[in-house]
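A, B, ... follow the sequence lines: proteins, then strands. Residue 1 opens every chain.
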There are 2 protein chains.
Amino acid sequence: MFNPAKSEPKRRVEQHEKFPAMTKILIIEDEPAIVELVTMYLDKEGFETAAAYGGLEGLVAVKRDQPDLVILDLMLPELDGWEVCRRLRKDTDIPIIMLTARGDDVDKIVGLELGADDYVAKPFNPRELVARVKAVLRRGKGRPQASGTLRLAGLEVDAARREVRVRGERVPLRTREFDLLHTLVMQPGMVFSRDQLLNQVWGYDYLGGTRTVDVHVAQLRQKIKDCGVHIETVWGVGYKLCVDDD
Amino acid sequence: MFNPAKSEPKRRVEQHEKFPAMTKILIIEDEPAIVELVTMYLDKEGFETAAAYGGLEGLVAVKRDQPDLVILDLMLPELDGWEVCRRLRKDTDIPIIMLTARGDDVDKIVGLELGADDYVAKPFNPRELVARVKAVLRRGKGRPQASGTLRLAGLEVDAARREVRVRGERVPLRTREFDLLHTLVMQPGMVFSRDQLLNQVWGYDYLGGTRTVDVHVAQLRQKIKDCGVHIETVWGVGYKLCVDDD
DNA sequence: TGAGAATGTTTGAAAATCGTAAAAAGATTG
DNA sequence: CAATCTTTTTACGATTTTCAAACATTCTCA
């Protein structure tokens, strides 16, 4: 998609940094006290959490919950962290933060051999762990954007620059408007239901009503009129972008 | 594709990016274990690989194989990475990613002195290396990000000297300010999310909050005003550098 | 044609984001 | 190790955007 820093709609968030709506974090750790502590801190930051208390259980949980990040203790019953990490790495790219004891060979963990993304030495400061979680999650986001301007009749949409031109003239759009238009322009003629648009533009966890889409469509229509392209209502279904035929 | 939130969750089935048929990558590294590992990962991504186990051998291999990118260890027998890099740079533009030890002077490596395109600190995560390879290759086409002074209206940014001039007048910038401006100037008009800027300027493992970016942007704005170029806020997304239009 | 449902449009309060100053924390230097 | 400089955090007001609600309009189908 195209929005580098989606705003997080409809959610009670204070000073929190924004992460993809409901980022799921799985904690694999046998000591309940630690699980509880970490859970508490992550909750407070708006993350969704799950826990597994052993290696095997952990592997199952990963499959089931599809977390966005795993916090993995090195010392575990059944299957130790090394093995769990290795198996996870074999068929996923889910970021992993290891909990290690002081003195563990950190280089091996984060480096080649295991391929974890980061580690925190026990005993650790929960706040630091949270910071690391955020940092690791952020890493994926820095990739260059697919450049290239989409053109359709008198309409140009530049995703990388977030600029829209109507017959060559720059038209300032707001975040939602831009994202909405961009989705439509990417597949001209394709009908999008309001729900599809909500998922695409507002995020899958958006809690508002579907009429919101209508409002934004109306505003978009205002701003991009007379460019040889228009947003058509598909009655009872949704909207699509069409090239004027005359 | 760079949307952190929504389109990202499918981590499992990662689609291979398309690079020119059979992009060749040469690894110059004396430790066979590392060569093997890296080779495996690059293979998996569809790259063609070759290896050289020493500095001299590496130079020869470059001549012979004409790779599209070189991964170069800093510590090598015969001829060390510094020297190899220097010689490569003397008569080619082949992108180079350096493998360094933690603590090596990264500024010198990627800066003008050596002119490598990127670096990865050992011990490294192979997946990250692959990501960097892709990033560098992608960057390669398009823009001569090479040395020299970047000029944009009344603004000059000299990466080598780390100097900035506003309408010819030198303006002293602090480290962060300079790096920030530099990344923005390299791709004027391109929108950078705060996360992207944090990754680029502060590093992949920066642990602070995103508002830090705002503060530095504010300070930059102070220092580079009235030079025909300004930093624009892209509401809900991030910042971009724009040439004044009036 | 008219009732009911879906959509269009306008609006202002509420929410989100941003700018900035100033305090706090961290680095660097002499 | 104190002084100084840089960076980061924090706090709060200012600004911008969003969205639900209300009402108007259009559409469908009996």
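A straight line from CG of B:Leu220 to P of D:dT6 spans 14 Å, rounded to a whole angstrom. One can place CD1 of A:Ile231 at 14 Å from P of C:dT7, the figure rounded to the nearest angstrom. Between the P atom of C:dT17 and the CG atom of B:Asp195 lies a distance of 13 Å, rounded to the nearest Å. C:dG19 atom P lies 15 Å from atom NZ of B:Lys225, rounded to whole Å. We find that CZ of B:Phe178 is positioned 13 Å from P of D:dT7, with the value rounded to whole Å. For the pair B:Glu232 CD and D:dT16 P, the interatomic distance rounds to 13 Å; values are reported in whole Å. In this structure, B:Asp214 places its CG atom 14 Å from P of C:dA21, rounding to the nearest Å. Taking atom NZ on A:Lys223 and atom C1' on C:dT9, their separation rounds to 15 Å, with Å as the unit.
Contact between B:Leu74 and B:Asp80 at its shortest, heavy atoms only, is O-CB, 3.7 Å. Nearest heavy-atom pair across A:Thr183 and A:Phe192 is O-CZ, 3.7 Å.
Sequence order on DNA chain C of the closest nucleotides to A:Gln222 and A:Val234 puts A:Val234 first from the 5' end. Projected onto DNA chain D by closest heavy-atom contact, B:Leu207 and A:Val215 fall at different nucleotides, the more 5' of which corresponds to B:Leu207. Ranked by how close their nearest DNA chain D nucleotide is to the 5' end, A:Gln219 and A:Arg127 are led by A:Arg127.
Considering only side-chain N and O atoms, B:Tyr206 lies under 4.0 angstrom from the phosphate OP1 or OP2 of D:dT8. In this structure, B:Trp202 reaches the D:dT8 phosphate: one of its side-chain N or O atoms is under 4.0 Å from OP1 or OP2. Within the structure, every side-chain polar atom (N or O) of B:His216 is placed at least 4.0 Å from both OP1 and OP2 of D:dT7. Residue A:Arg211 places none of its side-chain N or O atoms closer than 4.0 Å to OP1 or OP2 of C:dT7. Note on B:Arg221: a side-chain N or O is less than 4.0 Å away from OP1 or OP2 of C:dG19. Of the side-chain N and O atoms in B:Tyr239, one or more sit less than 4.0 angstrom from OP1 or OP2 of C:dG19. An OP1 or OP2 oxygen of D:dT6 is reached within less than 4.0 angstrom by no side-chain nitrogen or oxygen of B:Arg176.
Salt bridge annotation for B:Asp179-B:Arg162: present, with a cationic side-chain nitrogen under 4.0 angstrom from a carboxylate oxygen. Using a cut-off of 4.0 Å between Lys/Arg side-chain N and Asp/Glu carboxylate O, B:Asp214 and B:Arg194 are scored as salt-bridged.
Using bins of under 30°, 30° to 60° and over 60° for the plane-to-plane angle, the ring pair A:Phe178/A:His182 lands in the parallel bin.
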Give each protein N/O atom lying under 3.5 Å from an N/O atom of nucleotides 2-6 of chain C, with the pair distance.
none

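Under the 3.5 Å distance criterion, with hydrogens and angles disregarded, a donor-acceptor pair is assigned to the side chains of B:Arg221 and B:Thr233.
At a threshold of 4.0 angstrom between heavy atoms, the contacts of B:Thr212 include nucleobase atoms, whether or not backbone atoms are also involved.
Here the options are A:Leu72, A:Asp118, A:Val120, A:Asp117, the test is side chain to side chain contact (heavy atoms under 4.5 Å, CB included), and the partner is A:Met98; only A:Leu72 passes. Considering B:Arg167, B:Arg165, B:Arg151 as possible partners of B:Glu156, the one that fulfils the side-chain hydrogen bond (donor to acceptor under 3.5 Å, both in side chains) test is B:Arg151.
Here the nucleotide nearest the side chain of B:Thr233, chosen from D:dT18, C:dG8, C:dG19, is C:dG19.
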